[in-house]
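Per chain, numbering begins at 1; letters A, B, ... match sequence-line order.
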There are 2 protein chains.
Amino acid sequence: MSDDHLKIIASIATTLNFDKGEMIFHEGDKGNGFYMVETGTIKVFKLSFEGKEQILHIYGPGHAFGEVPVFEGKNFPASSMALEKSVIIFLPRDKFVNLITSTPGLGMNLLADLSRRLREFTIQIENLSLKEVPARLSAYFLTLSREQKNEKKIMLPISKAQLSNLIGTTPETVSRVLKKMMDSSLIEVQTKTIVIKDIEGLQDLSESGSL
Amino acid sequence: MSDDHLKIIASIATTLNFDKGEMIFHEGDKGNGFYMVETGTIKVFKLSFEGKEQILHIYGPGHAFGEVPVFEGKNFPASSMALEKSVIIFLPRDKFVNLITSTPGLGMNLLADLSRRLREFTIQIENLSLKEVPARLSAYFLTLSREQKNEKKIMLPISKAQLSNLIGTTPETVSRVLKKMMDSSLIEVQTKTIVIKDIEGLQDLSESGSL
DNA sequence: ATAGCGCCTTGACATGGATCAAGTAATTGA
DNA sequence: TCAATTACTTGATCCATGTCAAGGCGCTAT
């Protein structure tokens, strides 16, 4: 979203504070507006009947979320929680809709934003359905490596437990796969830091391979 | 999408014919426009390295698809194939963008459309990650039952092989699970027709249960 | 009709990853 | 800084589902 649009939005929005672990909205709630991360980190996730969690997104500063029900006039398809102390901008539905219709260009930006998210879901579905855990983990590290410019040394922005819920597995499996990746000299792990030792190997693994 | 918008679109679009099995676009192609099914059925899908397929959408008459790259200015994140002889409406990118910017209201409709698709993906991810095959199959039957108004007797719109790719499994597993569902008197299967005998049981199964 | 070809079913087997349980490391807060 | 809580690791076991292989059913076209 452009800076101009951000300023317009900020001027009519309210800010909300959330502590770590606090819920921002629940699946099934009426979608009453539009949210944006100002500081902190949030997750958007689904819980199964038995309490298992699948994370759909992790968003940091500048990211918008929770718009889907605004455009559809329905309720939230997933829940959201602050992963740390966070400041969230909130824009009520009616003001937001006015804004879109009165601001040409903003609509196109939103279309692009939703499209990007559809693309990401496409990849997530592909990963869950067509790839095994080692491939999903490698793909995640490669994504982090691209996002953080420090190509070889990446910082995990979330705990390994959250990571396992993001890639659709368990902490135990993540732990075991990380070990195998170290044994194969693909990476080195130090708590929250991962050093990529063999980026080609990681790329192969993320596409097809097994360990 | 409203009838008015459909008419406007039809007036500047071209129509394309596809035979069963013909590709409409390939993952990675430049997104050069926007498609809509006029007659027939199409699938949007991903292929893994090893050739395994995950179907993302199955669309019939009236459904738009392939817009994501238009808004993003990138390439297709998935491929599309006609599942039967189909007529497809195609609108080139530049004409489409003009149309959106010059037609207030259309943008909001598109936002709603993309939001609906995000919601569907959310459910698909939940299903793949948090539910087992019997739950996914039941959920699919319940969706069909809602879509087709003939509550108890539903018609499979696709082959069981395609169905297995849609719910992220194999024909063998579908076959076995269907058998178990018959043994439990949840459904009756006659080739392409499914009769729901115990809708409550199916609902339980789609949420939590195993057979 | 019936031959032939896909689609579907069934069985035997292999395996990735979940779960349960116990121990170890790392953070947090008083 | 140390205790307490939480996060992570490791091992043993189990199970759902994938894979391979063979057989049967049902369309479609001649």
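When side chains are defined from C-beta on, B:Lys153 does not count as touching B:Ile194, because their heavy atoms never get closer than 4.5 Å.
In this structure, the side-chain contact (heavy atoms from CB on, under 4.5 Å) partners of B:Glu147, at least two apart in sequence or on a different chain, are B:Thr143, B:Leu144. A search for salt bridge (Lys or Arg N to Asp or Glu O under 4.0 Å) contacts involving B:Glu126 returns A:Lys46, not counting sequence neighbours. By the side-chain contact (heavy atoms from CB on, under 4.5 Å) test, B:Phe90 pairs with B:Thr14, B:Leu16, B:Asn32, B:Tyr35, B:Pro92, sequence neighbours left out.
A distance-only check finds a donor-acceptor pair linking the side chain of A:Ser164 to the backbone of A:Ala161 [under 3.5 Å]. Under the 3.5 Å distance criterion, the side-chain polar atoms of B:Arg136 are matched with a main-chain donor or acceptor of B:Gly168.
Here C:dC7 presents its P atom at 12 Å from CG of B:Leu83, a figure rounded to the nearest Å. Rounded to whole angstrom, the span from the NZ atom of B:Lys180 across to the C1' atom of C:dG11 amounts to 14 Å.
Salt bridge status for A:Glu120 with A:Arg116: present, with a side-chain N to carboxylate O gap under 4.0 Å. Salt bridge A:Asp183/A:Lys179: absent, no basic N to carboxylate O contact under 4.0 Å.
The two residues A:Leu178 and A:Val189 come nearest to each other via the heavy atoms CD2-CG2, 4.4 Å.
Taking every nucleotide of DNA chain D with any atom under 4.0 Å from a non-hydrogen atom of chain A, the first and last of them, 5' to 3', are D:dC8 to D:dA12.
In this structure, a donor-acceptor pair under 3.5 Å is present between the side chains of B:Thr41 and B:Glu84.
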Checklist entry - In B/S/- notation, 5' to 3', how is nucleotides 15-30 of chain C contacted by protein heavy atoms closer than 4.0 Å? => result -SSSBB------S---

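Rounded to 10 degrees, the angle separating the terminal axes of the helix from C:dT9-D:dA22 to C:dA30-D:dT1 is 50°, with each axis obtained from five end pairs.
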